[in-house]
Amino acid sequence: MQGEMNDKGDPALRDALELMRDLRRRCEWDAAQTHESLRPYLIEEAHEVDDALRAGDDRLLREELGDLLLQLLFHSVIAEERRAFDVHDVARSLVAKMKARHPHLYGDGVKQPWERMKAKKRTSIAEGLPLDLPALHRAHRLQDRAAGVGFDWNDVEGPAAKVEEELGEVRELLATAPVAHTPHGAPILDERHARLEDELGDLLFACVNLCRKAGVHASLALDRANRKFADRFARVETLAAERGLVVGEAGLEALDALWEEVKEAERA
């Protein structure tokens, strides 16, 4: 470790690092934190950065990236206190990793797909993937890694056909075993429900693979669809209010007519 006396580089980054060290010395709350206690805050700040990216707000993004940087410095200083590593070690590891990922740019190596390079170091495609990754992203990464060892379709036709196959299996199951509910409308969690969950999971996994092969991340596509649906339905609610309709009492036919009206207005 280089330690406190050898901090170099941008004065603002140096000041931020020294501020973090000072807070650990003089602020009771900061001094009490551990790697474990900070985990929820790191996740929260990452989500706030994502919200700023989604909003396309540069001022907010700068602020939220600063909050995320604080978390990175916080963990680095705690590790420094334990004499495990410091922020300089983190930076050096990053530089070494990125150069290793680009041997054709920083050496005499041949350009290779990243997942193929990493596959040589793994014993399993799931190795190193965080267990708490959002399900859509985890599916995408598993498929990426499988593709890195050659387990992949040649084009989008394969995964598209797989989606159709999985949808057919879901339809068949629904036709032979109708959805069962309690008198209060909750699904009955029996063996049939478990089979349906399994088949729908296969369908979703196939859809993620189709997205991946088409060059689209499923989680971003679904996020876009979520926002589009929420925006459209908000306009449906506005139209309903303007026409004296109560959304919860209007019925499907009336709401569907408003929905189509909103879509037509978008096209126009």
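Quick note: residue numbers are just sequence positions, from 1.
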Query raised in the report: Just by distance, do the side chain of Gln143 and the backbone of Asn209 share a donor-acceptor pair under 3.5 Å?
Result: yes

**Report entry** Reference residue Arg141; test side-chain contact (heavy atoms from CB on, under 4.5 Å); the match among Ile125, Leu136, Leu129
**Finding:** Leu129

Requested in this report: Evaluate the side-chain proximity of Glu261 to Arg235: yes if any heavy-atom separation is below 4.5 Å, no if none is.
Outcome: no

Query raised in the report: Relative to the ring of Trp259, is the ring of Phe229 parallel (under 30°), tilted (30 to 60°) or perpendicular (over 60°)?
Result: tilted

Query raised in the report: For the side chain of Arg145 and the backbone of Glu127, is there at least one donor-acceptor N/O pair under 3.5 Å apart?
Result: yes

Query - Any donor-acceptor N/O pair, Thr176 side chain to Glu172 backbone, under 3.5 Å - result: yes

Requested in this report: Just say parallel, tilted or perpendicular for the rings of His140 and His137, cut-offs at 30° and 60°.
Outcome: parallel

Query - Any Glu199 side-chain heavy atom under 4.5 Å of Asp202 side chain - result: yes

Report task. State whether the side chain of Lys213 and the backbone N or O of Trp153 hold a donor-acceptor pair below 3.5 Å, judged by distance alone. Result -> yes

Query raised in the report: Roughly how far apart are Arg92 CZ and Phe85 CZ, rounded to 0.5 Å?
Result: 12.0 Å

Query raised in the report: Can you tell if the side chain of Val170 reaches within under 4.5 Å of the side chain of Leu174, non-hydrogen atoms only?
Result: yes

Query - Given Val247, Leu258, Leu245, the one that forms side-chain contact (heavy atoms from CB on, under 4.5 Å) with Leu239 - result: Leu258

Requested in this report: Ignoring hydrogens and angles, tell me if any N or O in the side chain of His217 forms a donor-acceptor pair with the backbone of Ser219 under 3.5 Å.
Outcome: yes

